[in-house]
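Only one structure is covered here, and it is reproduced in the block below.
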Amino acid sequence: MHALLVEDDDRMAQALGTALAQRGHTVRRVGRALDALRHVREAEFVLLDLGLPDLDGLELLRRLRTVCDAPLIVVTARCEERDIVQGLRAGADDYVVKPFRMAELMARIDSVRRRTDPHPGRPDPSDAAATGSRPVRAGDVEVDLAGRTVTVAGAGVRLTRREFDVLAFLAARPDEVHARAVILDRIWGDVFLAASRSLDVHVAGIRAKTGRSGLVRTVRGFGYQLGLPDPPSADDGSDDGSDDDARGGAP
């Protein structure tokens, strides 16, 4: 695997580069946002520090996601919940706070790789597309599993890869209520993430971007199900339902 390491600290970059090389990966290290944008298309994996000298890391993350869909982990000293939520919403597949144990980071890299390149036998979130199924409709929302597109009232909505994976998983089995642990295992490939807010953040993103807070129904204390949303009224259009998610917690 060819990794792009975006890190301006020489000592940290050397430690990460050595650890990755010992696991058989090739590494290109850059220390500036401009160089990251120049080389990201060749990367199969990205490790991104947010504290760069020429551009805020979150802004770089948003720009990277417009040109690259490679798996990406943020590795940063920023530990505030706001930063973590913003990073996940901007398209990071995981978020690791410095200082960290190198073995844990390597395990998280392996986990993210499993999520984005499923093992044989692990169904993809859009498996239903392979059977030739038609797009799934929920109210005025249409989810095209094969084309990986979402429209609301006929207008296209752009979701991140992980947001679409979650929505596609629910849409492929709309009559089922899915436990949080099952979703985390099938989409993220790691039930360990059940203690994190990654799933809640992505569900909130789906609701906010579609403008349909009822599209993903929370089953409190258990998980989620595809809902039947109504178009937002004038007084509830800004509700993305994220507060319910935070209160729901892990089962």
Taking [X] for the side chain and [Y] for the main chain, is one N or O donor matched with an acceptor at less than 3.5 Å?
| X | Y | result |
| --- | --- | --- |
| D54 | A33 | yes |
| T66 | R63 | yes |
| T218 | R220 | no |
| R65 | C68 | yes |
| E176 | H178 | no |
| E44 | H2 | yes |
| S111 | A107 | no |
| R217 | G227 | no |

Distance (rounded to the nearest 0.5 Å) between [X] [atom1] and [Y] [atom2]:
| X | Y | atom1 | atom2 | result |
| --- | --- | --- | --- | --- |
| L60 | L37 | CG | CG | 5.5 Å |
| L167 | L215 | CG | CG | 5.5 Å |
| D49 | D9 | CG | CG | 8.0 Å |
| I109 | L20 | CD1 | CG | 5.0 Å |
| R148 | L159 | CZ | CG | 9.5 Å |
| L72 | F45 | CG | CZ | 7.5 Å |

Tell me the closest heavy-atom pair linking [X] and [Y], and the distance in Å.
| X | Y | value |
| --- | --- | --- |
| Y224 | R180 | OH-NH1, 3.9 Å |
| T76 | V74 | CG2-CG1, 3.5 Å |
| P229 | R212 | CB-CB, 3.7 Å |
| H202 | L88 | NE2-O, 4.0 Å |
| G31 | L52 | O-CD2, 4.0 Å |
| A43 | L4 | CB-CB, 3.6 Å |

Walk me through whether E81 and I84 qualify under side-chain contact (heavy atoms from CB on, under 4.5 Å). CA-CA 5 Å; E81 182 181 30; I84 297 172; 5.5 Å; no

Tell me, please, which residues at least two apart from P53 pass side chain to side chain contact (heavy atoms under 4.5 Å, CB included).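 Checked P53 against side chain to side chain contact (heavy atoms under 4.5 Å, CB included); matches are D8, R32.
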
Between [X] and [Y], is there shared hydrophobic-cluster membership here, with clusters defined by ILVMFWY side-chain heavy atoms closer than 4.5 Å?
| X | Y | answer |
| --- | --- | --- |
| L58 | V97 | yes |
| V40 | L34 | no |
| F100 | V27 | yes |
| L5 | M102 | yes |

Full working for side-chain contact (heavy atoms from CB on, under 4.5 Å) between T151 and V157: CA-CA 6 Å; T151 59; V157 174; over 6 Å; no

How far apart are the C-alpha atoms of L105 and L16, what are their side-chain angles, what is the distance that settles it, and do they pass the side-chain contact (heavy atoms from CB on, under 4.5 Å) test? CA-CA 9 Å; L105 177 61; L16 287 170; 3.3 Å; yes

Tell me every residue that passes side-chain hydrogen bond (donor to acceptor under 3.5 Å, both in side chains) with Q22, counting only those two or more places apart in sequence or in another chain.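 So Q22 forms no side-chain hydrogen bond (donor to acceptor under 3.5 Å, both in side chains) with any residue.
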
Atom CD of residue position E59 - does it have more than 12 heavy atoms of other residues, nucleotides or ligands inside 6.0 Å?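 For E59, atom CD is crowded (more than 12 foreign heavy atoms under 6.0 Å).
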
Within 6.0 angstrom of R38 CZ, more than 12 heavy atoms from elsewhere: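 Buried by this count: over 12 neighbours within 6.0 Å.
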
Which residues pass the salt bridge (charged side-chain N to carboxylate O under 4.0 Å, His left out) test with D175, sequence neighbours left out?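 Partners of D175 under the salt bridge (charged side-chain N to carboxylate O under 4.0 Å, His left out) test: none.
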
Using a strict 4.0 Å threshold on nitrogen-to-oxygen distance, state whether [X] and [Y] make a salt bridge.
| X | Y | value |
| --- | --- | --- |
| K209 | E163 | yes |
| R29 | D35 | no |
| R162 | D69 | no |
| R161 | D93 | yes |

Contact check, side chains of [X] and [Y], non-hydrogen atoms, under 4.5 Å:
| X | Y | result |
| --- | --- | --- |
| I73 | V112 | yes |
| V136 | L226 | yes |
| V150 | E142 | no |

Worked verdict on V85 versus Y95 for side-chain contact (heavy atoms from CB on, under 4.5 Å): CA-CA 9 Å; V85 170; Y95 193 107; over 6 Å; no

